[in-house]
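Some notes on the structure that comes next.
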Amino acid sequence: MKVLVSAASKHGATSEIAEEIGEALREALHKRGGDDVVVDVRPAEQVSSVEDYDAVVLGSAVYAGHWLQPAREVAERHVGSLAARPVWLFSSGPVGEPPKPAEEESVDVSGILEATGARDHRVFPGRLDKGALGFAEKAIVLALRVAEGDFRDWDAIRDWAREIAA
Ligand SMILES: Cc1cc2nc3c(=O)[nH]c(=O)nc-3n(C[C@H](O)[C@H](O)[C@H](O)COP(=O)(O)O)c2cc1C
């Protein structure tokens with residue numbers, strides 16, 4: 001069985017979530033007796049086809065309520081192939097304690113959910129490092145008083161990967 005985990009990330013936090021999902025999936029699928037399991041983790045920019053995979057996990061960091069373009073492009077370009085396989089979606093964005101924006105206001109992926117027939121969409125908290133932001137991004141987070149820090153919930157991320165494996 002071959003599984004693709006792919007994500008779009010601007011500052012690296014979401015790429016690390018994709019790596020963690022890949023690692024937890026690999027472990028869980030091997031435990032379930034899948035000796036021939038291959039889990040590839042690739043940036044969305046590097047996905048030219050999903051035809052080789054039996055299942056796909058696709059995600060993105062959220063900026064201004066949307067997925068980044070490389071993740072949207074994977075969903076759009078390969079919509080037929082995705083609709084023909086089991087697909088799971090995730091987004092990473094909300095920051096702070098409690099994370100803001102609230103999950104249901106963080107991102108709208110209803111179009112991608114519908115087109116791909118994805119089985120689930122999860123929103124995970126993200127990471128904001130003001131030092132790594134460009135001028136325009138910094139101005140936005142200062143104006144909106146967005147909290148800085150790493151709010152990624154590794155237990156929730158690994159639990160979700162195990163659910164997918166099951
Ligand atoms: C300019 C800017 C806009 C953002 N807009 C949103 C948003 O609309 N919704 C959200 O949930 N998170 C938003 N975030 C938070 C990011 O999604 C979060 O920091 C994420 O973990 C970044 O992932 P990356 O390091 O993979 O790029 C925004 C962050 C910045 C800097």
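Whatever order the structure lists them in is the order used to number ligands and atoms, beginning at 1. Numbering of residues begins at 1 and proceeds along the displayed sequence.
Ligand 1 has no nitrogen or oxygen under 3.5 angstrom from a nitrogen or oxygen of Gly126. Residue-to-ligand polar distances keep Ser15 apart from ligand 1: every N/O pair is separated by 3.5 Å or more. Looking at Lys10 next to ligand 1, an N or O pair under 3.5 Å apart turns up. Inclusion of Ile140 in the set of residues having an N or O under 3.5 Å from an N or O of ligand 1 is not warranted. Among the atoms of Gly12, some N or O lies under 3.5 angstrom from an N or O of ligand 1. Of the polar atoms of Val62, at least one N or O is found under 3.5 Å from an N or O of ligand 1, judged by distance alone.
Near Leu133, with a cut-off below 4.0 Å to any heavy atom, the atoms of ligand 1 are 31 (C). Close approach of ligand 1 to Val141 (heavy-atom distance below 4.0 Å) involves ligand atoms 31 (C). Residue-ligand proximity, Ala61 to ligand 1, at heavy-atom distances under 4.0 Å covers atoms 23 (O), 24 (P), 26 (O), 27 (O). Listed by number with element, the atoms of ligand 1 under 4.0 angstrom from any heavy atom of Leu128 are 19 (O), 29 (C), 31 (C).
Using a 4.5 Å heavy-atom threshold, the side chains of Val56 and Leu82 count as touching. Residues Trp88 and Trp160 form a side-chain contact, since some pair of their non-hydrogen atoms from C-beta on lies under 4.5 Å apart. Under the 4.5 Å side-chain criterion, counting only non-hydrogen atoms from C-beta, Ser91 is in contact with Val109.
In this structure, the protein non-hydrogen atom closest to atom 25 (O) of ligand 1 is Ala13 N, 2.9 Å. When only non-hydrogen protein atoms are considered, atom 3 (C) of ligand 1 lies nearest to Tyr63 CD2, 3.8 Å. Scanning the protein heavy atoms around atom 11 (O) of ligand 1, the nearest turns out to be Ser106 OG, 2.8 Å. Taking atom 21 (O) of ligand 1 as the reference point, the nearest protein heavy-atom neighbour is Arg127 N, 2.9 Å. Taking atom 5 (N) of ligand 1 as the reference point, the nearest protein heavy-atom neighbour is Ala64 N, 3.0 Å.
Summarising the local packing, NE2 of His66 is surrounded by 12 or fewer heavy atoms from other residues, nucleotides or ligands at distances under 6.0 Å.
In this structure, of Gly93, Pro125, Gly65, the residue bringing a heavy atom nearest to atom 7 (C) of ligand 1 is Gly65.
In this structure, Glu163 pairs ionically with Arg122, as a charged nitrogen and a carboxylate oxygen lie closer than 4.0 Å. Between Lys10 and Glu137 there is a salt bridge, with a side-chain nitrogen of the basic residue lying less than 4.0 Å from a carboxylate oxygen of the acidic one. Between Arg127 and Glu16 there is a salt bridge, with a side-chain nitrogen of the basic residue lying less than 4.0 Å from a carboxylate oxygen of the acidic one.
Of all the heavy atoms of Ser91, none lies under 4.0 Å from any atom of ligand 1, so neither backbone nor side chain is involved.
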**OP:** Could you please spell out the steps behind the salt bridge (Lys or Arg N to Asp or Glu O under 4.0 Å) verdict for Glu20 and Arg152?
**Re:** CA-CA 11 Å; Glu20 192 68 27; Arg152 291 172 297 174; over 6 Å; no
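Under 3.5 Å, the side chains of Glu73 and His78 contain no donor-acceptor pair of N or O atoms.
In terms of modelled atom types and a separation under 3.5 Å, the side chain of Arg42 and the main chain of Ala7 share no donor-acceptor contact.
Contact record, Ile17 with Ile157: CG1-CD1, 3.8 Å, taken as the closest heavy-atom pair.
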